[in-house]
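Working notes for the structure below.
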Amino acid sequence: MKTRKKAIRLAAVLVAFSLIMTGCGGKNKTVNNTTANTSSQSDTALGGIDRTEPLTLEIYDVAANYQGMQSGWFGKVVKDKFNLELNIIAPQASGNGEALYQTRTASGKLGDIILLDNSPLQDCIKAGLISDITNEVQSSENLNQYYEQYKTFNTGLEENTEGKIYGLPCQITNTSPTTYTDTEIYISPMLPWDYYTEIGTPEMKTMEDLLKVLEQIQAAHPVNAAGDPSYAISLWADWDKGGTQITMETATQLTKMYGYEVNGSIMLGNTGDMKQVTDDDGAYYKMLHFFFEANQRGLVDPDSGTQNWDTACTKMKNKQVLMFWYSWQRGFWNTPDRANDRNAYIYAPVQDMNFYQPSDSYYGDGRALAIGSHMEGNTRARAIEFLDWLISPEGLDFLHAGIPDWSYTKDSEGKYTLTEEGLYGLMENRTVPDEWGGGGFDDGNSKINQWPLHSVSTNPNTGETYNYNYWNSYLEANKTIMTKEWSEKYGAPNQVAYLEKTGQLKPVPNVNIILPSDTTDIALIRSQCATIICDTSWRMVFAKDEEDFKAMWEEMKIQLEGLDWNQLVEFDKSKFEKVLEAREAAMK
C-alpha cells in the first residue's frame with residue numbers, strides 16, 4: 001500500500017484544493033485508435049482545433065538533456081494523436097546555454113512551449129515573452145483541475161496580484177500540502193545488498209565508516225561480472241553550474257545527507273538556519289572531503305572529472321558503480337528478480353546522517369511550463385491542447401508508466417501490472433514494437449524530461465499512483481528476499497519508516513516561491529565565483545594529500561573575496577530568507 005505521511009502542518013499561506021479529476025476519455029488506447037480519434041479531426045469538442053496540417057512546436061526546455069526532434073515511440077504518440085512534432089531546444093545540451101538563452105530572448109521568441117526555472121520565468125514575463133493563458137486553463141478539461149494550485153503559484157509573480165496564469169508549475173501533486181508520500185528519500189547512500197551482507201553488514205556510525213565499508217566491497221569486487229573495473233564512487237561534471245548553482249553538483253546533492261540544501265552561495269538547513277557554502281564546518285566542505293578521502297583510498301572512478309552523465313549511467317547499468325545516492329539511480333539496475341537474488345541496491349544506514357527532504361511538491365518544484373507570447377490562433381490552441389493532454393491521465397500514463405500493453409498490463413479491475421519490458425525497457429533500452437515506432441524504449445522516451453504532475457499523484461483510473469513503485473502488483477512482486485532481510489534487520493518496512501524511527505528525517509515544508517533573478521552585477525559575480533568554486537572543488541577531490549586539499553580550500557576563499565563574494569552571499573541570504581519565512585509560516 002502506498003504510504004502517506006502527514007509530515008508537516010502546511011498551508012496557512014496556501015489554498016487547499018479538492019481534486020475532481022475527470023480524466024481524458026479512451027485511456028490506454030492503441031496508437032491506431034488514438035490516431036483515428038484525434039488527428040484526423042479538424043473540429044472537436046476541445047475547441048474547434050484544426051490539426052489537418054502537421055505542426056512543429058519548439059520547446060525551450062531547461063530540464064532536457066537532449067536537443068533535437070523528439071523521435072521514437074513518444075514522438076509517434078504525439079504525431080499520431082495531435083499531428084505534432086516536438087523540437088527540443090535544450091540549453092544544457094547546447095554547449096553554451098547562457099548564450100542560447102540570451103540569443104533567443106533577444107529575438108523575442110524563446111520557444112513555442114517554454115520550460116524555465118522560476119526566476120527566469122519571472123524575467124521573461126516582464127520582457128513580454130510569456131503569454132497569459134488564464135482563459136485557456138479555465139476552459140480546458142485537465143489543466144483546469146489544478147487551477148487553484150496554478151493561481152496560488154502565479155499570484156507570487158511580481159505585479160500579478162490578480163493571479164493571472166502565466167506559468168504552469170511542474171511536478172505538482174494531487175495529494176495534499178500536508179503529505180509526504182514516498183517510502184524512500186531522494187538522497188541517501190545505497191549499496192548492493194549482496195556485497196554489503198557479504199562483509200557482514202557492518203554498522204556505520206559516520207562517513208568514515210561508510211568509506212571503510214566501500215573499501216571492503218571494492219576490494220572484494222574490483223570488477224563486475226563482465227570483467228569491467230568497478231569503483232565505489234563514479235562522478236560526472238556536466239551537471240555543474242546549472243542555473244544559479246555555483247558548486248560541484250555531485251557534492252552539492254550529498255549535502256542533503258547532513259541536513260542542508262545548497263542554493264547558490266548559501267545552504268538552507270532543515271531546521272531553518274542558513275550557512276555559506278564556504279563555511280569550514282559546513283556540509284559542502286564535508287562532502288568534498290568525503291570524495292577526497294575516497295580518492296585517497298582508490299575508491300573514486302578516475303574518469304569522474306571528464307565523463308558525462310550518460311557515461312556514468314552506462315556504468316550504473318553494468319554494476320560498475322558500488323554506491324548509489326539518488327533514489328532513482330536504482331532504476332538503472334534494481335529488479336525484483338535481482339532483489340530476490342539479493343543483487344540489488346538498498347539504503348545502507350549511517351547513524352550520524354540527518355536528512356534534508358522536502359514534503360510533496362503540491363505547488364510545484366521550482367520550474368514551470370508556459371506558452372510563448374508570439375503564439376496565436378490555431379497554433380496556440382494546439383500548444384495548449386498538447387499541454388492539457390500531458391497532464392491528463394492518458395498523457396501521464398505515457399510519461400510515467402510507458403507504453404500500454406507493453407510496459408504494463410491492465411487487469412479486469414483496471415489495476416496495472418508492470419511487464420518485463422516495462423521493468424527492463426529503460427535500463428536496457430529494449431526495442432519497442434513496430435506499431436509504436438520501433439527503436440529503443442529509452443531512446444524514444446519523452447525528451448521533455450519534466451513532468452507536469454508528480455508520479456506520486458493518484459491516477460483516477462486506477463486509484464493508485466502513476467509511479468509503479470507503489471502499485472499493489474509491484475509491491476507484491478517486490479516482496480523480495482532482499483527487502484524482507486532488510487526489514488528484519490532494521491525493524492522497519494521501508495527507509496522512511498526507519499528514518500522516522502531513528503529521528504533522522506523531519507521533512508521540511510515544500511514551498512514554491514518565485515524568487516528574484518540576479519541583477520547584472522550579481523550574475524557576473526556568480527558566474528566568476530562558480531568557475532573558481534567548481535574548478536577548485538574538482539581539484540580538491542583529486543588533491544595529492546590533506547595539506548594540499550586544505551591549501552586549495554583556503555586559496556579559493558581568498559580568490560572569492562576578491563570577486564565580491566560577500567555581496568553575492570548577502571544577495572542570496574536576502575532572497576532565500578523568504579523561503580525560510582514561508583516554511584515557518586507553513587508550520588504554524
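Excluded from the calculations below are hydrogen atoms, water molecules and symmetry mates; all remaining heavy atoms, backbone and side chain alike, are included.
Checked against W406 for a ring pair (Phe, Tyr, Trp, His ring centres under 6.0 Å), the options W436, Y424, F398, F441 give a single hit: F441.
Looking at heavy atoms from C-beta onward, W471 lies out of side-chain contact with L475 at the 4.5 angstrom threshold. Here the side chains of L369 and L387 are in contact, with some heavy-atom distance below 4.5 Å. Two residues are said to be in side-chain contact when any heavy atoms from C-beta on lie closer than 4.5 Å; E394 and K81 meet this criterion.
In this model, no donor atom of one side chain and acceptor atom of the other lie less than 3.5 Å apart for K447 and N65. For the residue pair D310 and N308, no side-chain donor N or O sits within less than 3.5 Å of a side-chain acceptor on the partner. Between the side chains of D360 and N510, no donor-acceptor pair is found at a separation under 3.5 Å. In summary, the side chains of T480 and T483 do present a donor paired with an acceptor at a separation below 3.5 Å, with no hydrogens or angles considered. In the model, E203 has a side-chain atom that pairs as donor or acceptor with a side-chain atom of Q351 under 3.5 Å. Side chains of S234 and Q307: a donor on one and an acceptor on the other come within 3.5 Å. For the residue pair T181 and T175, no side-chain donor N or O sits within less than 3.5 Å of a side-chain acceptor on the partner. D112 and Y60 share no side-chain donor-acceptor pair at under 3.5 Å. Side-chain N/O atoms of Y470 and D182 include a donor and acceptor closer than 3.5 Å. Side chains of S537 and Y284: a donor on one and an acceptor on the other come within 3.5 Å.
Taking the ring centre of Y186 as origin, the terminal cationic atom of K256 falls outside the region bounded by 6.0 Å and 45° from the ring axis.
Between K415 and E413 there is no salt bridge, since none of the side-chain N atoms of the basic residue sits less than 4.0 Å from a carboxylate O of the acidic one. Taking a cutoff of 4.0 Å between a charged side-chain nitrogen and a carboxylate oxygen, K317 and E428 do not qualify as a salt bridge. Salt-bridge check for D405 with K410: failed, with every basic side-chain N at 4.0 Å or more from each acidic carboxylate O. The residues K489 and E485 are annotated as not salt-bridged, no charged nitrogen and carboxylate oxygen being separated by less than 4.0 angstrom.
Among residues at least two apart or in separate chains, salt bridge (charged side-chain N to carboxylate O under 4.0 Å, His left out) pairs with a member in residues 466-482 are E476-K479.
In this structure, Y356 has its ring center at least 6.0 angstrom away from the ring center of Y260.
Applying the side chain to side chain donor-acceptor pair (under 3.5 Å) criterion to W538, with sequence neighbours excluded, gives D240.
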